[in-house]
Amino acid sequence: MKSDQTYPKTEKLKSRKLIDKLFSEGRSVSKFPLRLVYLQTELPEDTIVQVAVSVSKRNFKKAVDRNRIKRLIREAYRLNKDKIKPHLETPHAFMFLYTSKEITDFHTLEKSMKKLLKKFREEAL
RNA sequence: CCGGCAGGCUACCUUAUCGUCUCUUCGGAGAAGGAAAGUCCGGACACCACAGCGCAGCAUAGCGGCUAACGGCCGUCCGUCGAAAGGCGAGGACAAGUGCAACAGAAAGUAUGUACAGGUAAUGCUGUAGUGAAACCAGGUAAACUCUAUGCGGUGAAACGCCAUGUAUACCAGCGCAGAGGAUUGCGCGUCUGAUGCUGGAGGGUAGGCGGAUUGAUCUUUACAGUAAUGUUCAGACUAGAUAAAUGAUAAGGCUCGACAGAAUCCGGCUUAUGGCCUGCCUUUUUU
């Protein structure tokens, strides 16, 4: 069976309400330069996870840089989501934050993402 | 050649794999910029009385033209800087009032000194000399107040319109009371709305969905008019439309080793950031 590497619309975290709830009630795990805020919550039917990515305007003034980092994070998650999604038993909302002030390359970010997801699995499940 | 001036073009490429968004005839097709930026001007569009009157306020400023419009653009005169190519210009009015003004000078004005001459009842009453650009006569200055001419209502796509869901009033309609308050620009006028009660209908919120939204002062091109900006015209093209917000990642190869930088209602400008390439023009000094 081919591994699931898509990132469809249904798995994007869109609801403003849910994002607010995520920040106020969610727990988090960190692995520099990433931080994952997560919350077990209600989601629409047939959806096990919804994910959003955020990069602070304070750390990256230019829109180009923010876009670049968001894309890299999204890509790193997309390629590694099969390491976490099959293990989820209840619906979760995820928010990835970028905590560094330096732009990084894809490979180091992907390593961090793998470690972060492993850490999440050990702590939360 | 060096240096200077003006203008134009361009914005790494190819292949493979995985992924995102829109459209689709389900095969596929398309997917950031010259500045997408700053939000500084001008419009379109929408609503507020299609928006009124007066005052205040703001903007512009040789002359002529272009434009939907402009504070933009084109042409031209003048001034100014430069050796030149060329650049720059808050370039209307001080024959309305008020203010300001270095040096010189007694004095730049509710002034009258010195010397000489004239004159009177008397007096700077009159003239000349002297200072100065200018001396009861004007002149300079409006990036001084001011005046003149022209233009300008407000808000801003989270505008605005429609639909769905169905909580007990902040909405709508009718009737009655009442004129507080509110809206309309800063003020005044004018206009509109309008407290609480009854009856009937249905809202707000949930950043719900759809429209607005991409076919447009559009782009390429033919001919004509015009010094030009631009206009008219022939033929063709459809060129992002997202909504927590897509346009990416990885690998390999090539080259001159890639700057500034990411659409958010849409156009016309201006300003700022920035890699590379090309064209034309100028010749003060030095060298050939």
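Naming convention: chains lettered A, B, ... in sequence-line order (proteins, then strands); numbering from 1 in each chain. Note that the structure is a prediction, hence the values are computed from the model and not measured.
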>> Can you tell me the base-pairing partner of B:rA242? Count Watson-Crick or G-U wobble geometry only, both distances below 3.5 Å, and say none if there is no partner.
In response: none
> In the structure shown, which nucleotide is the Watson-Crick or G-U wobble counterpart of B:rC175, with both distances under 3.5 Å?
Replying inline: B:rG197
> Given that both distances must come in under 3.5 Å, which nucleotide forms a Watson-Crick or G-U wobble pair with B:rU155?
Replying inline: B:rA46
> Within the side chain of A:Ser30, is there an N or O that forms a donor-acceptor pair under 3.5 Å with the backbone of A:Arg35?
Replying inline: no
>> Using the side-chain heavy atoms of A:Arg74, tell me which of these nucleotides is nearest: B:rC18, B:rG262, B:rA246.
In response: B:rA246
> Taking atom types as modelled and ignoring hydrogens, do the side chains of A:Asn59 and A:Ser56 form a donor-acceptor contact shorter than 3.5 angstrom?
Replying inline: no
>> Below 30° counts as parallel, above 60° as perpendicular, anything between as tilted: where do the rings of A:Phe60 and A:Tyr98 land?
In response: tilted
> Using the P atom in both, what is the distance from B:rC48 to B:rU272, to the nearest Å?
Replying inline: 41 Å
> Separation of A:Lys61 atom NZ from B:rG38 atom P, in whole Å?
Replying inline: 11 Å
> With rounding to whole Å, what would you report as the distance between B:rA217 and B:rC162 at their P atoms?
Replying inline: 26 Å
> Charged N to carboxylate O under 4.0 angstrom, A:Lys119 versus A:Glu122?
Replying inline: no
> Quick one: A:Arg66 CZ to B:rA244 P, roughly how many Å, whole number?
Replying inline: 17 Å
> Between B:rC18, B:rA246, B:rA263, which nucleotide gets closest to the side-chain atoms of A:Ala63?
Replying inline: B:rA263
>> Between B:rG92 and B:rC78, how many Å separate the two C1' atoms, rounded to a whole number?
In response: 14 Å
> Taking a pair as Watson-Crick or G-U wobble with both distances under 3.5 Å, which nucleotide is matched to B:rG248?
Replying inline: B:rC18
>> Going by the glycosidic torsion and a 90 degree boundary from 0, is the base of B:rU214 oriented syn or anti?
In response: syn
>> Work out how far the P atom of B:rA240 is from that of B:rA235, and round it to whole angstrom.
In response: 25 Å
>> Under a 3.5 Å cut-off for both contacts, is B:rG33 paired Watson-Crick or G-U wobble with anything, and if yes, with which nucleotide?
In response: B:rC260
> After noting the C-alpha distance and the side-chain angles of A:Glu11 and A:Gln50, does the key distance pass the side-chain contact (heavy atoms from CB on, under 4.5 Å) rule?
Replying inline: CA-CA 4 Å; A:Glu11 290 189 14; A:Gln50 285 197 335; 5.5 Å; no
> Using atom P of each nucleotide, how far apart are B:rU206 and B:rA159 to the nearest Å?
Replying inline: 13 Å
> Can you tell me the Watson-Crick or wobble partner of B:rC63, both distances under 3.5 angstrom?
Replying inline: B:rG75
> Considering only the C1' atoms, how many Å lie between B:rU222 and B:rU247, rounded to the nearest integer?
Replying inline: 37 Å
> Between A:Phe120 and A:Phe94, what is the ring plane arrangement, given parallel below 30°, perpendicular above 60°, and tilted in between?
Replying inline: perpendicular
>> Please classify B:rG203 as syn or anti, treating any glycosidic angle within 90° of 0 as syn.
In response: anti
> Distance between the P atoms of B:rU24 and B:rG19, in whole angstroms?
Replying inline: 23 Å
> Listed in order of residue number, which residues of residues 101-110 of chain A have a non-hydrogen atom at under 4.0 Å from RNA chain B?
Replying inline: A:Phe106, A:His107
> Is the backbone of A:Val51 close enough, under 3.5 Å, to the side chain of A:Tyr7 for a donor and an acceptor to pair up by distance?
Replying inline: yes
>> If you only use heavy atoms from C-beta on, which nucleotide in B:rG262, B:rU20, B:rC18 is closest to the side chain of A:Tyr7?
In response: B:rU20
>> How many whole angstroms separate atom NZ of A:Lys70 from atom P of B:rG248?
In response: 14 Å
> Taking it one step at a time, do A:Leu79 and A:Glu75 satisfy side-chain contact (heavy atoms from CB on, under 4.5 Å)?
Replying inline: CA-CA 6 Å; A:Leu79 295 175; A:Glu75 192 71 3; 4.2 Å; yes
> Can you check the A:Asn67 CG to B:rU247 C1' distance for me, whole Å?
Replying inline: 10 Å
> CD of A:Glu75 versus P of B:rU17: gap in Å, rounded?
Replying inline: 16 Å
> For A:Thr104 and A:Glu102, what are the C-alpha separation, side-chain angles and deciding distance, and is it a side-chain contact (heavy atoms from CB on, under 4.5 Å)?
Replying inline: CA-CA 6 Å; A:Thr104 187; A:Glu102 306 288 325; over 6 Å; no
> If you measure from the P atom in B:rC238 to the same atom in B:rA35, how many Å do you get, rounded?
Replying inline: 26 Å
>> Does B:rA223 count as syn, meaning its glycosidic angle lies within 90° of 0, or as anti?
In response: anti
> Rounded to the nearest Å, what distance is computed from the CG atom of residue A:Leu79 to the C1' atom of nucleotide B:rU17?
Replying inline: 11 Å
> Watson-Crick or G-U wobble partner for B:rG253, using a 3.5 Å limit on both distances?
Replying inline: B:rC13
>> Apply the syn/anti split at 90° from 0 to B:rU60 and say which one it is.
In response: anti
>> Determine whether A:Phe96 and A:Leu116 satisfy the following criterion, side-chain contact (heavy atoms from CB on, under 4.5 Å), listing intermediate values before the conclusion.
In response: CA-CA 10 Å; A:Phe96 288 99; A:Leu116 180 71; 3.8 Å; yes
>> Measure CG/A:Asn80 against C1'/B:rC18 and give the value in whole Å, please.
In response: 13 Å
> Has A:Arg71 got a side-chain N or O lying under 4.0 Å from the OP1 or OP2 atom of B:rU247?
Replying inline: yes
> Syn or anti for B:rG268, with syn set at within 90° of 0?
Replying inline: anti
> Which residue, A:Arg78 or A:Asp65, contacts RNA chain B at a nucleotide closer to its 5' end, judged by nearest heavy atom?
Replying inline: A:Arg78
> Rounded to the Å, how far apart are A:Lys62 NZ and B:rA259 C1'?
Replying inline: 11 Å
> Taking any strand in view, what nucleotide pairs with B:rA6 in a Watson-Crick or G-U wobble way, both distances under 3.5 Å?
Replying inline: B:rU279
